[in-house]
Amino acid sequence: MIWENDNARLALLELLWRSRLKRRHAQAEAYDTLAELPWTRATGRRDEIGVVAERRIELAGLIDRVWPAWRSVLVDLAAAGLPPTPQGYGRLLDSKRATAIPELPERINRRTAAALTASHSKASLTEARRGTLRETEPAHDGSIRLRPPAGLSARTATGAVDLSAIAAVLGEVSIPERALLDGLAFEGTIRAVLLVENLGAWRDLSPPLGWLLAHVPGWDTATVVHLLNRLSGTPVIHFGDLDPNGVRIMLHLRRQAPNLKWFLPEFWFELADVCGLRATWPQNLDLDFAPAQVRELATRGLWLEQERIVLDPRMPDALEAALTADATEAMMGKRDRNS
């Protein structure tokens with residue numbers, strides 16, 4: 001039944017209280033239903049109806065049947081200075097939930113935070129809802145899978161663990177976001193960090209000595225940002241598919257890490273005629289920062305997947321070359337600043 005929905009019942013309340021109702025997307029079905037009844041009339045304003053004065057009693061009877069508590073709701077809205085609209089009612093419910101929030105720890109999961117401050121755990125955690133958490137920080141609680149270099153350890157306030165020893169047994173380690181937020185520090189030598197988009201490529205790649213490999217699955221970059229904050233000053237290189245989405249991910253990551261380098265070995269582009277896959281590159285995709293070879297792929301309507309070159313014997317040398325080029329650029333930039 002249409003009137004079992006809060007937004008629909010609020011349409012009845014607003015029409016009864018204000019004698020008019022604007023059409024909103026969230027209340028479209030209720031608006032259209034009311035607009036067909038003889039109780040309402042067009043007001044002359046676009047997407048607005050008004051109540052016919054002599055039929056007001058029928059409207060009041062309907063809201064009494066479908067929402068017996070409407071009077072107390074209206075009193076609460078008026079007391080809070082809120083309108084009888086979906087937005088106003090939502091803010092009223094949020095304020096009531098805020099008074100029932102228990103004592104909170106320093107950090108809770110964002111879904112737990114949403115369940116406490118909103119109608120359900122998947123709801124948006126708005127700034128107003130965040131404010132009701134007071135000093136408690138909502139966490140994304142992601143984790144990042146790493147393949148650490150030999151000799152790398154991690155230290156937190158509760159102790160230290162040899163990450164390379166764990167990886168020697170399990171093949172990899174996983175670092176939770178909360179550990180990074182709580183000040184996890186890496187101990188040991190990391191020559192460079194390689195961010196790898198696809199799982200297979202990340203797992204099968206043989207990196208040069210001293211490199212840390214981090215799996216960054218597509219747009220799920222929240223945790224990797226915290227990782228990079230713990231590795232300030234370490235060269236970071238990104239290796240992903242050469243397709244429209246891969247370009248977007250690179251742009252997204254570069255906004256978080258402006259010095260991020262793009263791994264684009266020459267021999268990869270040599271495979272375009274043999275292994276290039278068909279793709280439609282959007283006209284509005286920003287390729288101004290991309291090298292000529294990537295722009296050529298876009299012009300030809302091709303893309304290259306990273307898995308194709310992961311086991312190529314030239315990969316370690318190409319990664320070292322990318323790192324050397326990064327160091328050279330940094331040195332030249334420093335020289336220019338000092339001159």
Side-chain angles (χ1 to χ4, degrees), residues 1-104 108-134 136-141 219-220 222:
M1 180 180 176
I2 183 176
W3 306 117
E4 293 177 354
N5 178 279
D6 280 347
N7 286 338
R9 294 187 297 187
L10 284 164
L12 289 174
L13 179 59
E14 184 176 2
L15 182 59
L16 181 67
W17 180 248
R18 289 180 164 176
S19 297
R20 64 187 188 278
L21 176 68
K22 290 286 292 182
R23 192 179 197 276
R24 303 182 183 90
H25 177 73
Q27 297 172 305
E29 185 180 3
Y31 178 95
D32 293 342
T33 300
L34 289 167
E36 293 177 0
L37 296 177
W39 310 343
T40 64
R41 58 173 177 79
T43 65
R45 295 181 179 179
R46 183 179 178 182
D47 291 334
E48 184 181 88
I49 56 175
V51 64
V52 176
E54 56 269 24
R55 307 300 296 270
R56 193 180 189 88
I57 190 169
E58 284 98 336
L59 179 62
L62 175 58
I63 196 171
D64 275 334
R65 289 195 302 275
V66 301
W67 202 8
W70 70 268
R71 290 178 178 81
S72 63
V73 171
L74 188 59
V75 168
D76 290 344
L77 286 168
L82 296 171
T85 63
Q87 184 179 21
Y89 187 58
R91 290 174 60 186
L92 176 66
L93 295 179
D94 280 358
S95 67
K96 290 184 175 183
R97 294 186 193 99
T99 62
I101 293 177
E103 184 176 349
L104 300 175
I108 59 174
N109 182 270
R110 62 195 175 103
R111 298 301 187 192
T112 306
L116 291 172
T117 61
S119 57
H120 54 82
S121 64
K122 303 299 189 298
S124 174
L125 195 58
T126 64
E127 287 301 315
R129 289 167 178 167
R130 284 175 179 265
T132 63
L133 299 174
R134 296 176 290 278
T136 295
E137 178 185 2
H140 180 269
D141 276 330
W219 295 103
D220 189 9

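Atoms CG and OG1, from L93 and T117 in turn, are 12.0 Å apart once rounded to the nearest 0.5 Å. Here R65 contributes atom CZ and L12 contributes atom CG; the two are 10.0 Å apart, rounded to the nearest 0.5 Å. Rounding to the nearest 0.5 Å places CG of L116 at 8.5 Å from OG1 of T132. A distance of 9.5 Å separates CZ of R110 from NZ of K122, quoted to the nearest 0.5 Å. To the nearest 0.5 Å, atoms OG1 (T126) and CZ (R91) are separated by 10.0 Å. Between the CD atom of Q87 and the CG atom of L92 there is a distance of 12.5 Å, given to the nearest 0.5 Å.
Taking both residues in full, the closest heavy atoms of A30 and W3 are given as CB-CZ3, 3.9 Å, listed atom of the first, atom of the second, then distance. Scanning all heavy atoms of the two residues, the minimum distance from S121 to R111 falls at O-CD, 3.2 Å. T136 and P138 get closest at one heavy-atom pair: O-CD, 3.6 Å. Residue R130 comes nearest to L125 through the heavy atom pair NE-O, 3.6 Å, listed as atom of the first residue, atom of the second, then distance. The nearest pair of heavy atoms linking Y31 to E48 is OH-N, 3.0 Å.
Shown here is H120, whose NE2 atom has more than 12 heavy atoms of other residues, nucleotides or ligands within 6.0 Å. Crowding of E58 atom CD: a count of heavy atoms from other residues, nucleotides or ligands under 6.0 Å exceeding 12.
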> Please walk me through it: do L16 and W70 pass side-chain contact (heavy atoms from CB on, under 4.5 Å)?
Replying inline: CA-CA 11 Å; L16 181 67; W70 70 268; 3.6 Å; yes

>> Apply side-chain contact (heavy atoms from CB on, under 4.5 Å) to residues W39 and L62 and explain how you reach the verdict.
In response: CA-CA 11 Å; W39 310 343; L62 175 58; 3.7 Å; yes

> Which is it for D220 and H140 under the side-chain contact (heavy atoms from CB on, under 4.5 Å) test, yes or no, and what are the steps along the way?
Replying inline: CA-CA 10 Å; D220 189 9; H140 180 269; 3.7 Å; yes

> For I101 and R97, what are the C-alpha separation, side-chain angles and deciding distance, and is it a side-chain contact (heavy atoms from CB on, under 4.5 Å)?
Replying inline: CA-CA 7 Å; I101 293 177; R97 294 186 193 99; 5.7 Å; no

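Note that R9 lies in the cation-pi zone of W67, set by a 6.0 Å cut-off to the ring centre and a 45° limit from the axis.
For the pairing with T40, the side chain to side chain contact (heavy atoms under 4.5 Å, CB included) check across V52, L21, T33, L15 returns one residue only, L15.
Residues E14 and R24 are paired through a salt bridge, judged by an N-O separation under 4.0 Å between the basic side chain and the carboxylate. Remark: R129 engages D94 in a salt bridge, criterion side-chain N to carboxylate O under 4.0 Å.
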Counting only pairs under 3.5 Å, give me each side-chain donor-acceptor contact of residues 72-82, with atom names and distances, residues two or more places apart or in other chains.
residue: S72; atom: OG; partner: A69; partner atom: O; Å: 2.8
residue: D76; atom: OD2; partner: K96; partner atom: NZ; Å: 3.0

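The backbone N or O of N7 sits less than 3.5 Å from a side-chain atom of Q27, completing a donor-acceptor pair.
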